[in-house]
Undergrad: 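I'd like to ask some things about the structure below.
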Amino acid sequence: MTSLRIFFVGGAIAYRALFNWISPWLYIPTMLGSPLFQILFFAYLGRFAGVEDDAFFVVGNAVQVCGMSCIYAMTMTIANERWFATLSPLLATPANRLALFTGRALPVIANGLVVSVFGFFVGWLFLDFEPAAGSVPALGLVLVVTVFSCTALGMVLGSIGLRARDVFFAANLAYYLLLLFCGVNVPFDELPGWMQTVGSVLPLTHGIEAAREVAAGEPLSSVTGLVWTELGIGVLYAAGAFALFRLFEAEGRRRASLETL
Amino acid sequence: MTSLRVVWGGFRFHVKTLTLSNFFLLTTFLLPAIFASIAFFLVEAGGRPGTLLYTALGAGMMGVWSSTLFGSGGAIQWQRYQGTLELLVATPSPFLLVLLPITLASATVGAYSLGMTLVFGRVVFGVPLDLAHPVALVVAIPAMVIGLGFLGLLLATTFVLYRYANALSNLLEYPVWLVTGLLVPVSLLPVWVEPISWVLAPTWGVRAIRESALGGHPWSSIGMCLVLAALYFVLASFFLRVFERLARGRATLSLS
């Protein structure tokens with residue numbers, strides 16, 4: 001029961017306390033305004049280059065912009081414990097570490113879904129994007145899985161933030177590298193082989209491919225392989241993130257460096 | 001003379017500081033390389049390899065704008081965080097001359113990204129570097145830096161009252177890339193966008209650089225960068241006087 005409370009209530013409190021952009025004055029321009037213009041920018045760049053159609057860029061970017069929450073918010077809700085000097089008191093508690101760690105992901109996932117849905121809305125409003133009739137539930141499922149796996153990447157970064165000096169540099173870099181490696185704007189098969197290899201083990205790549213197929217009218221059954229792969233990647237990243245969290249906790253205690261900046 | 005010393009001293013200090021900042025390393029070296037790669041892959045996939053140098057220059061300018069934008073957003077905010085804002089406002093030097101070196105330094109550091117995308121484009125994508133008017137390019141780059149630096153100053157003055165300047169910086173990155181034609185020609189955008197592009201220095205900066213590199217008549221665009229810089233300076237002086245007075249009157253100068 002206590003673990004459940006830590007998971008749900010603790011996660012929500014951590015999110016409210018540690019996610020720096022939660023104020024509407026920051027949230028609206030950063031989490032909604034920036035994705036809006038990102039989608040328009042790449043759709044027009046695609047038109048200029050004569051590559052694919054608007055739907056390709058709308059789906060790719062609408063899914064990727066979940067990273068605004070999954071990467072940045074997730075990194076903040078873990079790594080800010082150290083910056084706000086609350087990490088030592090937190091780790092002095094006997095709280096279940098798994099509940100403590102994973103509970104923070106839930107509000108981030110919800111927020112990531114909001115940002116992505118807003119991205120699809122932008123595509124519909126400004127670029128006449130219309131998903132195939134009846135594809136919305138399947139698209140929603142693909143989106144949930146993809147947002148989860150992207151959040152898992154954010155958890156890895158957050159854990160690294162318990163040790164690294166400037167994790168926000170890594171978070172920024174990760175967000176933009178996803179744009180390049182995951183087939184968000186460049187058709188995946190146009191990327192060089194080594195980039196495809198890297199992209200295939202990153203979150204988003206398979207989810208975006210599945211979302212494009214579903215939005216174009218393919219049934220969910222035709223993309224189950226992609227969805228399972230995306231989910232598997234997410235689970236692996238989440239497990240890796242938790243292992244890093246425990247490792248850095250143990251190391252931080254041993255070296256008395258939990259809050260060394 | 002004292003004013004020039006304030007600007008020059010501040011400029012040197014901030015160029016050195018920003019050059020050592022991880023964040024500016026990201027915006028001037030790594031992000032332009034990422035955006036240039038996306039653009040190169042797209043123009044190659046679309047069968048438009050003749051536009052590679054055009055694309056490299058545009059991607060480089062994107063880095064200059066990002067650096068200017070975050071520099072001007074941070075110009076006030078960093079002073080707030082460090083607790084030096086009130087001290088700087090209280091000094092005998094006009095506050096405008098304290099802000100100007102920060103935004104000019106941001107644009108100057110941003111100009112590294114032009115070199116970065118050209119070298120990166122040449123090495124990785126084989127971008128041809130045949131410059132049509134190299135002398136004009138040597139003039140166009142500082143003119144563009146001045147244009148963007150003064151635009152940054154105008155933005156920074158409006159941030160005196162706005163506590164969340166960094167959020168506005170996040171918001172303004174993509175739209176300015178788009179409406180100033182850095183990668184996508186303005187003619188592809190809705191007609192009403194064009195007049196907006198005329199009052200933004202990056203439009204003329206990228207034109208001056210492209211016309212110098214690819215061929216054309218860059219001097220009028222270089223002139224427009226300088227004219228706009230003068231206009232931004234006048235507007236910034238006015239806004240700063242009003243906003244600074246308001247912030248002092250409301251005692252909100254240091255609130256962050």
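Numbers restart at 1 for each chain; the letters A, B, ... are given by sequence-line order, proteins then strands.
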Undergrad: Quick one: pull up CD1 in I34(B) and CG in L178(A) and give me the separation to the nearest 0.5 Å.
TA: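 Those atoms lie 9.5 Å apart.
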Undergrad: Given that the side chain runs from C-beta out, which part of L188(B) has a heavy atom under 4.5 Å from chain A: side chain, backbone, both or neither?
TA: both
Undergrad: Considering non-hydrogen atoms only, spot the tightest contact between L26(A) and A167(B) and give its length.
TA: CD2-CB, 3.3 Å
Undergrad: Under a 4.5 Å cut-off applied to non-hydrogen side-chain atoms, are Y174(B) and Q38(A) in contact?
TA: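 Side-chain contact under 4.5 Å: yes.
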Undergrad: Which atoms of M195(A) are under 4.5 Å from chain B, going by heavy atoms: the side chain, the backbone, both sets, or neither?
TA: side chain
Undergrad: Would you mind checking which part of L31(B) comes under 4.5 Å of any heavy atom in chain A, side chain (CB onward), backbone (N, CA, C, O), both or neither?
TA: side chain
Undergrad: Taking all heavy atoms of A49(A) and all of L42(B), pick out the closest pair and write down the distance.
TA: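 Where A49(A) meets L42(B) most closely, the heavy atoms are CB-O, 3.6 Å.
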Undergrad: Using side-chain heavy atoms (C-beta onward) and a distance below 4.5 Å, is L30(B) in contact with Y176(A)?
TA: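 Result no, sub-4.5 Å side-chain heavy-atom pair not found.
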Undergrad: Would you mind reporting whether F37(A) and W177(B) have side-chain heavy atoms less than 4.5 Å apart?
TA: no
Undergrad: Check whether any side-chain heavy atom of S34(A) sits under 4.5 Å from a side-chain heavy atom of L171(B), and report yes or no.
TA: no
Undergrad: CG of N22(B) to CG of D166(A): how many Å apart, nearest 0.5 Å?
TA: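 Result: 5.0 Å between the selected atoms.
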Undergrad: Output the distance between atom OG (S37(B)) and atom CG (L177(A)), rounded to the nearest 0.5 Å.
TA: 9.5 Å
Undergrad: Please tell me if the side chains of P192(A) and F41(B) come closer than 4.5 Å, counting only heavy atoms from C-beta onward.
TA: yes
Undergrad: For the atom pair CZ (F41(A)) and CE (M62(B)), what is the distance rounded to the nearest 0.5 Å?
TA: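 Spacing of CZ (F41(A)) from CE (M62(B)) equals 4.0 Å.
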Undergrad: I need the I38(B) CD1 to F181(A) CZ distance, nearest 0.5 Å.
TA: 10.0 Å
Undergrad: Might you work through the side chain to side chain contact (heavy atoms under 4.5 Å, CB included) test for Y44(A) and L178(B), ending with a clear yes or no?
TA: CA-CA 8 Å; Y44(A) 275 101; L178(B) 193 58; 4.0 Å; yes
Undergrad: For the residue pair F169(A) and L26(B), establish whether any side-chain heavy-atom pair is separated by less than 4.5 Å.
TA: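 A side-chain contact exists here, since the closest heavy-atom pair is under 4.5 Å.
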Undergrad: How are the rings of F42(A) and F35(B) set to each other: parallel, tilted or perpendicular (split at 30° and 60°)?
TA: parallel
Undergrad: Counting heavy-atom pairs under 4.5 Å with chain B, which one of L40(A), V184(A), L173(A) comes out on top?
TA: L173(A)
Undergrad: Let me know if L179(A) has heavy atoms under 4.5 Å from chain B in its side chain, its backbone, both or neither.
TA: both
Undergrad: Heavy-atom distances under 4.5 Å only: say whether I28(A) touches chain B with side chain, backbone, both or neither.
TA: neither
